[in-house]
> 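Take a look at this one; I'll ask things after.
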Amino acid sequence: MINNYFKFFVVCLLPFTTIFLLTTLIYYSSVVLKNTDFSFNVYDLTYIEYIRLILIVVGIAISFFVFCCLRLVTDGYFFLKSNNQNVTIKKACRFVSFKQCVTSSVVCMLRFFLSISWSLVYFAPCIVMTLILLYSYRNGNYGFNLNLTLFVSAVTLFVIGLMFLYVTLKRYAMCSYIILKKKQKNPLKVIEESILLMEGHSINYSLCCASFFGWFLSCFTIIPIVYVLPYRALSKWHYFNSVYMPQKETKLEGKPIIFCIQKRQEV
């Protein structure tokens, strides 16, 4: 990171800056399409509404794909840097192929649906407790102590569910690493291999990521985010390298016989 803080910071912000600009462009494009009257008669109005909707959906899909591509390029840049290579943005772009970008986009969508599913599983007890609390509060016949107990239980279940969700989602953290390292093009295989690699490491990696919360809070007063964001990115990829590195097994091999000297037997 020496003499590369600002460059690393720009690379980290590249996907998010791009998606912000694309989102702004889509918003103003939808406003322009909505305020522009392209219809010449009543029948054209129905088709124009469909065209506007299709253009907005296509714009969102293109923006999502561009974001996934840039994020994979950013990951590729730090992946190469974590292996002590002289890397530029141009080299990182060449390192990532179009098929890998498509795979990364599909993996991002699958991870999103998996996140929603796990959220429903872990937050279901909290939702049930909250509904019981609302029912008890609206009737008003169960007393303050019961309502307080239900409220504390709902908050406790929410915190526990959030912790379990945070650790569970770390099982998919190595998807980009697998796409870049193993050139895996099957999205389902990428997620499967990420789960296998993170087996037994999810809690440790969650604690590693949680240790940076204080770093980001200190950005308001002490440490500039120009240093913290690249440091966190490089730390993540070094952690992935340590997880992927196969454990070296020490085997006791028989030593070759160079000289064979028999002990002289005394009569």
Side-chain angles (χ1 to χ4, degrees), residues 8-36 48-80 87 89-123 162 165-166 168-195 198 209 216 225 229-230 232-233 236-237 240:
F8 285 1
F9 179 71
V10 172
V11 174
C12 289
L13 291 184
L14 182 61
F16 302 100
T17 305
T18 305
I19 197 64
F20 174 76
L21 295 176
L22 289 174
T23 304
T24 305
L25 179 62
I26 292 173
Y27 172 75
Y28 284 105
S29 299
S30 63
V31 171
V32 171
L33 289 172
K34 185 176 181 180
N35 295 331
T36 303
I48 293 300
E49 292 297 327
Y50 286 116
I51 292 174
R52 288 171 180 167
L53 180 61
I54 291 173
L55 290 175
I56 292 173
V57 172
V58 170
I60 293 174
I62 294 175
S63 301
F64 175 75
F65 180 73
V66 172
F67 171 75
C68 292
C69 292
L70 289 176
R71 184 153 190 183
L72 190 62
V73 170
T74 302
D75 291 340
Y77 179 83
F78 284 103
F79 169 74
L80 295 175
V87 187
I89 294 293
K90 186 177 181 180
K91 185 176 181 179
C93 293
R94 292 179 178 178
F95 179 72
V96 177
S97 65
F98 179 78
K99 291 183 179 180
Q100 288 177 319
C101 293
V102 175
T103 304
S104 178
S105 302
V106 178
V107 169
C108 286
M109 288 190 291
L110 292 176
R111 289 178 63 179
F112 172 75
F113 291 119
L114 286 172
S115 302
I116 297 298
S117 302
W118 284 116
S119 299
L120 293 176
V121 171
Y122 289 130
F123 292 134
L162 188 63
L165 179 65
Y166 184 76
T168 301
L169 294 183
K170 296 305 178 186
R171 302 196 306 166
Y172 316 119
M174 292 192 66
C175 289
S176 297
Y177 189 91
I178 294 170
I179 294 174
L180 296 170
K181 181 73 175 181
K182 302 184 67 174
K183 309 295 183 181
Q184 179 63 257
K185 296 181 176 59
N186 189 341
L188 296 178
K189 288 290 185 180
V190 170
I191 294 177
E192 181 182 354
E193 291 184 18
S194 176
I195 294 174
M198 291 300 292
C209 294
F216 285 108
I225 197 172
L229 199 60
R232 194 259 181 190
K236 179 183 74 173
W237 285 96
F240 291 161

> Are side-chain heavy atoms of V87 and F78 found at a separation under 4.5 Å?
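No, too far: nothing below the 4.5 Å cut-off.
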> Quick test of your reading: applying salt bridge (Lys or Arg N to Asp or Glu O under 4.0 Å), list the pairs with at least one residue in residues 168-183, sequence neighbours left out, ordered by first then second residue.
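Residue pairs with at least one partner in residues 168-183: K182-E193.
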> For residues F8 and P230, report the shortest heavy-atom separation together with the two atoms involved.
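Distance-wise, the nearest heavy atoms are CB-CB, 3.4 Å.
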> Counting only heavy atoms not in F20 (residues, nucleotides, ligands), do more than 12 fall under 6.0 Å from its CZ?
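No, not enclosed.
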> Could you measure the distance from the CG atom of N186 to the OG1 atom of T103? Nearest 0.5 Å is fine.
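Taking CG in N186 and OG1 in T103, the distance rounds to 8.0 Å.
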> Can you find a heavy atom in the side chain of L180 that is under 4.5 Å from one in the side chain of W237?
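The answer is yes; the side chains approach within 4.5 Å.
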> So, do L162 and F123 sit near enough that their side-chain heavy atoms are less than 4.5 Å apart?
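They are in contact (side-chain heavy atoms under 4.5 Å apart), so the answer is yes.
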> How far does CG of L229 sit from CG of L13, to the nearest 0.5 angstrom?
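L229 atom CG to L13 atom CG measures 6.0 Å (nearest 0.5 Å).
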> Please test L70 against I19 for side-chain contact (heavy atoms from CB on, under 4.5 Å), starting from the C-alpha separation and ending with a verdict.
CA-CA 9 Å; L70 289 176; I19 197 64; over 6 Å; no
> Sequence neighbours excluded, which residues qualify as ring pair (Phe, Tyr, Trp, His ring centres under 6.0 Å) partners of F216?
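Testing F216 for ring pair (Phe, Tyr, Trp, His ring centres under 6.0 Å), a comparison that skips the adjacent residues, returns none.
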> Do C108 and F67 make a side-chain contact, defined as non-hydrogen atoms from C-beta onward lying under 4.5 Å apart?
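A side-chain contact under 4.5 Å is absent here.
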> Got a sec, which residues hit ring pair (Phe, Tyr, Trp, His ring centres under 6.0 Å) with Y122, two or more places apart in sequence or on another chain?
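Y122 satisfies ring pair (Phe, Tyr, Trp, His ring centres under 6.0 Å) with W118, F164 once adjacent residues are dropped.
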> Under the rule for side-chain contact (heavy atoms from CB on, under 4.5 Å), what residues qualify as partners of L21, not counting sequence neighbours?
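Expected list: T17.
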> For C12 and F16, which heavy atoms make the closest approach, and how far apart are they?
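The answer is O-CD1, 3.5 Å.
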> Is any side-chain heavy atom of I191 closer than 4.5 Å to a side-chain heavy atom of L114?
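With C-beta onward as the side chain, the pair touches.
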> For side-chain contact (heavy atoms from CB on, under 4.5 Å), just list the numbers for S115 and L169, CA-CA rounded to whole Å, side-chain angles, deciding distance to a tenth of an Å, and then say yes or no.
CA-CA 7 Å; S115 302; L169 294 183; 3.6 Å; yes
> Run the side-chain hydrogen bond (donor to acceptor under 3.5 Å, both in side chains) test against Y77 and tell me which residues pass, sequence neighbours left out.
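For Y77, no residue satisfies side-chain hydrogen bond (donor to acceptor under 3.5 Å, both in side chains) once neighbours in sequence are set aside.
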> Closest heavy-atom contact between D75 and S176?
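Result for this residue pair: OD2-OG, 3.2 Å.
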> Can you tell which of C93, S104, P15, C68 makes a side chain to side chain contact (heavy atoms under 4.5 Å, CB included) with V73?
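Of all the options given, the one that passes is C93.
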> Is it the case that atom NZ in K91 sees more than 12 heavy atoms from other parts of the structure closer than 6.0 Å?
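Yes, NZ of K91 has more than 12 neighbouring heavy atoms, counting only those of other groups under 6.0 Å.
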> When you measure from the side chain of Q100 to the backbone N and O of I179, does any donor-acceptor pair fall under 3.5 Å?
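Indeed, once roles are kept as given, a pair shorter than 3.5 Å links the two residues.
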> Taking the side chain as everything from C-beta on, heavy atoms only, tell me whether V190 gets closer than 4.5 Å to V106.
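Result no, sub-4.5 Å side-chain heavy-atom pair not found.
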> Do the non-hydrogen side-chain atoms of L110 and Y172 ever get within less than 4.5 Å of each other?
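No, too far: nothing below the 4.5 Å cut-off.
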> Kindly compute the distance separating CZ (F9) from CG (L14), expressed to the nearest 0.5 Å.
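If we round to the nearest 0.5 Å, F9:CZ and L14:CG are 12.0 Å apart.
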> Are the side chains of I178 and E192 in contact, using a 4.5 Å heavy-atom criterion?
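Result no, sub-4.5 Å side-chain heavy-atom pair not found.
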> What pairs with C101 under side-chain contact (heavy atoms from CB on, under 4.5 Å), at least two apart in sequence or on another chain?
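For C101 the side-chain contact (heavy atoms from CB on, under 4.5 Å) partners, ignoring immediate neighbours, are F65, C69, L72, V96.
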